[in-house]
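Just so it is clear: chains get the letters A, B, ... in the order the sequence lines come, proteins before strands, and each one is counted from 1.
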Amino acid sequence: MLAAAHMLDLRLIRERTEWVKEQLAKVGCPGEDVDAVTAVDARRRTLFQKVEALRARRSEISRQIPKLSAEERETRKEEVRKLAAELAALEAELAQVEQDLESKLLLLPNLPDPSVPVGRDERDNQIVRTVGEPLKPSFEPKPHWELGPALGIIDFERGVKIAGSRFYILQGWGARLQRGLITWMLDVHTKEHGYVEIYPPYLVKRDCLVGAGQLPRFADNIYHDVEDDLWLIGTAEIPLTNLHRDEILDGSRLPISYVAYTACFRREKMSAGRDVRGIKRGHQFDKVEMYKLTAPEDSSAALEQIVADAEDIARRLGLAYRVVLICTGDLGAVAAKKYDLEVWAPGCAEWLEVSSCSNCTDYQARRSNIRFRRAPGSKPEFVHTLNGSGLALPRIMIALLETYQQPDGSVVIPEVLQPYVGTDRIGPPR
RNA sequence: GGAGAGGUGGCCGAGAGGUCGAAGGCGCACGCCUGCUAAGCGUGUGUAGGGCUAAAACUCUACCGAGGGUUCGAAUCCCUCCCUCUCCGCCA
């Protein structure tokens, strides 16, 4: 039998092939990929029915054998032996076809939500709203890669010495600022936004990557321990998705909201040579991640809520930000709809993506087999899953340092953070 | 890492080659009874896929940690792996 793990509903693909092709074309998936699936699926179905019929005959005869006379028994045994040989050949073929189907199915991206603007790439993304004024200081603002070392809170050279490019050291108030931010964000999400805090493993099994939709597509961006086949998470979304893998949840428990602080690890092979300066894009970074499991009819509203929860963090930190609706061409394989949250960093003069909030609908739930029952006795249905950063640490730190830098080179700590960081100002080392 | 024990339905727990998808219990659902609470009685209660249906009923296939093997036939026998528990060692 075909494993439950498939990304799109096979029945949907079978019965509404043309519609599915239209939808997937919007996210850049060629129609041939869909046709390939339906072709293999058709073959699988005929094979499967043959196999089932043979199995039924086999067990029927076997069941009679004990009631028969000795000689009759032998002829029947012989009959089943032949039948079994035939069956074995068909079963082997079926197994191969199923594997083929599964691998083709796993490569199909999610169906985009109808409200997502159709577009070719990130240039077609839509700015939904901008909150706060991008700061234009009266003096020449410095980028964080100058501020950090000058304040003695970021050490790039030693990071490279220890671990290579794209690694850095946070030191003193820098480390303290990050730790304070983490604790503060977790406190806001757990105490005010209703999330349950989770501390997950950073190393996960291969299945988890498939379940979350990272594999088989993005293997080369993930650190992988070969000896034990464990994979370093690129985001907490991966372990959080797999928390309820192969479970049937009680519908009354939904929605479930989790928040997890984790380190994240990415090879960044695709962005070689980009953003090499500063702490914007490292191989290791910290992130607070929000995650929701909802009933299908509630996921649209839940996405807006996650965005609102992410915005709340940026707003309270006094940072200017904008919310961007990602177009179909920039959506990726997993999300049906996605918003990015970008904060303004005056030093490097760019909008930094500090959060990416996605409604993955039932895509991950199918792959991970996460279902729920509306009421005792009713059919299990797939949940919808959502995730959003709340927020990514290095980029928030960039925005804070660059936004709150003073003409004398010191950095003022926003009031909400002061109890968590333990100072109202970070000055140059004496 | 070493030695031993074990992995069965939502849970507990039988099962030891032939209608076993799996006794029994708990839990749960529905119904009955009972004029409070509690108890009692009855029925039902896995997932996925296929056939037949208007829909059911009905029926077929797969699943008793995973993967192989033996057999006409495996939850039951054999092999490999994974996981859990106990003891020892080691360690944050």
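Across all strands shown, U80(B) is found opposite A66(B) as a Watson-Crick or G-U wobble partner, with both distances under 3.5 Å. Pairing partner, A74(B): none, since no Watson-Crick or wobble contact has both distances short of 3.5 Å. The pairing partner recorded for G89(B) is none, the criterion being a Watson-Crick or G-U wobble arrangement whose two distances lie under 3.5 angstrom. Figure legend. C41(B) is base-paired to G31(B); pairs are counted as Watson-Crick or G-U wobble with both atom distances under 3.5 Å. Pairing for C26(B) is with G10(B), a Watson-Crick or G-U wobble pair whose two hydrogen-bonding atom distances lie under 3.5 Å. Nucleotide U61(B) has A48(B) as its partner under the Watson-Crick or G-U criteria, with both atom distances under 3.5 Å. Base pairing of G21(B) is not made with any nucleotide, judged by Watson-Crick or G-U wobble geometry with both donor-acceptor distances under 3.5 Å.
Relative to the six-membered ring of Phe48(A), Arg45(A) misses at least one condition, a distance below 6.0 Å or an angle of at most 45° to the axis.
Between Arg45(A) and Lys67(A), the residue anchored closer to the 5' end of RNA chain B is Lys67(A), taking for each the nucleotide with the nearest heavy atom. Position along RNA chain B of the nearest nucleotide to Val80(A) versus Arg58(A) favours Arg58(A) as the more 5'-ward residue.
Annotation: A62(B) and G2(B) have their P atoms spaced 39 Å apart (nearest Å). Comparing the C1' positions of U47(B) and U43(B) gives an interatomic distance of 23 Å, to the nearest angstrom. Using C1' as the reference atom, G21(B) and A48(B) are 14 Å apart when rounded to the nearest Å. The P atoms of C41(B) and G24(B) are separated by 15 Å, rounded to the nearest whole Å. Rounded to whole Å, the C1' atom of C26(B) lies 13 Å from the corresponding atom of U45(B). Taking the P atoms as reference points, U34(B) lies 23 Å from C28(B), given to the whole Å. Using atom P as the reference point in both U59(B) and U71(B), the two lie 32 Å apart (nearest Å). Nucleotides C63(B) and A74(B), compared at atom C1', are 14 Å apart to the nearest Å.
The residue Arg76(A) sits apart from the nucleic acid: no heavy atom pair falls under 4.0 Å. Base engagement by Ile65(A) is indicated by at least one non-hydrogen atom pair under 4.0 Å involving a base atom. Within 4.0 Å (heavy atoms only), Lys82(A) reaches no atom of the nucleic acid at all.
On a pure distance criterion of 3.5 Å, a polar donor-acceptor pair joins the side chain of Glu52(A) and the base of G49(B).
Distance from the side chain of Arg81(A) is smallest for U71(B) among the nucleotides A48(B), U71(B), U47(B). Which of A62(B), A48(B), G18(B) sits closest to the side chain of Pro66(A) comes down to G18(B). Taking only side-chain atoms of Ser62(A), from C-beta outward, the nucleotide of U47(B), G50(B), G18(B) with the closest atom is G18(B). Counting only heavy atoms from C-beta on, Arg14(A) has its side chain closest to G50(B) among A48(B), G50(B), U61(B). Picking from C72(B), G50(B), U61(B) the nucleotide with the shortest atom distance to the side chain of Gln49(A) gives G50(B).
Under 4.0 Å is where a charged nitrogen must lie from a carboxylate oxygen, and between Arg281(A) and Glu353(A) no such pair does. With respect to the salt-bridge test (charged N to carboxylate O, under 4.0 angstrom), the residues Arg373(A) and Glu381(A) do not qualify.
Separating the CZ atom of Arg44(A) from the P atom of U61(B) is a distance of 17 Å, rounded to the nearest angstrom. The distance from atom CZ of Phe48(A) to atom P of U61(B) is 11 Å, rounded to the nearest whole Å. The separation between Leu83(A) atom CG and C72(B) atom C1' is 10 Å, rounded to whole Å. Computed from coordinates, the Ile370(A) CD1 to U47(B) P distance equals 18 Å when rounded to whole Å. Arg73(A) places its CZ atom 17 Å from the P atom of U71(B), with the value rounded to the nearest Å. Atom CZ in Arg57(A) sits about 13 Å away from atom C1' in C72(B), given to the nearest Å. Per the geometry, CG belonging to Leu47(A) stands 16 Å off C1' belonging to A62(B), to the nearest Å. One interatomic measurement links the two molecules: CG of Leu87(A) to P of A62(B), which rounds to 9 Å at whole-angstrom precision.
Dashed line: the shortest gap from a side-chain N or O of Arg55(A) to OP1 or OP2 of G49(B) is not under 4.0 Å. In this structure, Lys205(A) does not reach the C82(B) phosphate: none of its side-chain N or O atoms is under 4.0 Å from OP1 or OP2. In this structure, Arg63(A) does not reach the U19(B) phosphate: none of its side-chain N or O atoms is under 4.0 Å from OP1 or OP2. For the OP1/OP2 pair of G10(B) and a distance below 4.0 Å, the side-chain nitrogens and oxygens of Arg373(A) include no atom meeting the criterion. Between Ser59(A) and U61(B), a side-chain N or O to OP1/OP2 separation shorter than 4.0 Å is present.
Residues Glu342(A) and Tyr321(A) bring no donor and acceptor atom of their side chains to less than 3.5 Å of each other.
Val343(A) approaches Arg395(A) most closely through the heavy-atom pair CG2-O, 4.5 Å.
Sorted by first then second residue, the ring pair (Phe, Tyr, Trp, His ring centres under 6.0 Å) pairs that include residues 156-177 of chain A, not counting sequence neighbours, are Phe167(A)-His283(A). Listed by first and then second residue, the ring pair (Phe, Tyr, Trp, His ring centres under 6.0 Å) pairs that reach into residues 239-264 of chain A are His244(A)-Tyr258(A), sequence neighbours excluded.
Note on ring orientation: taking the six-membered ring where Trp is involved, the planes of Tyr199(A) and Tyr202(A) are tilted (angle from 30° to 60°).
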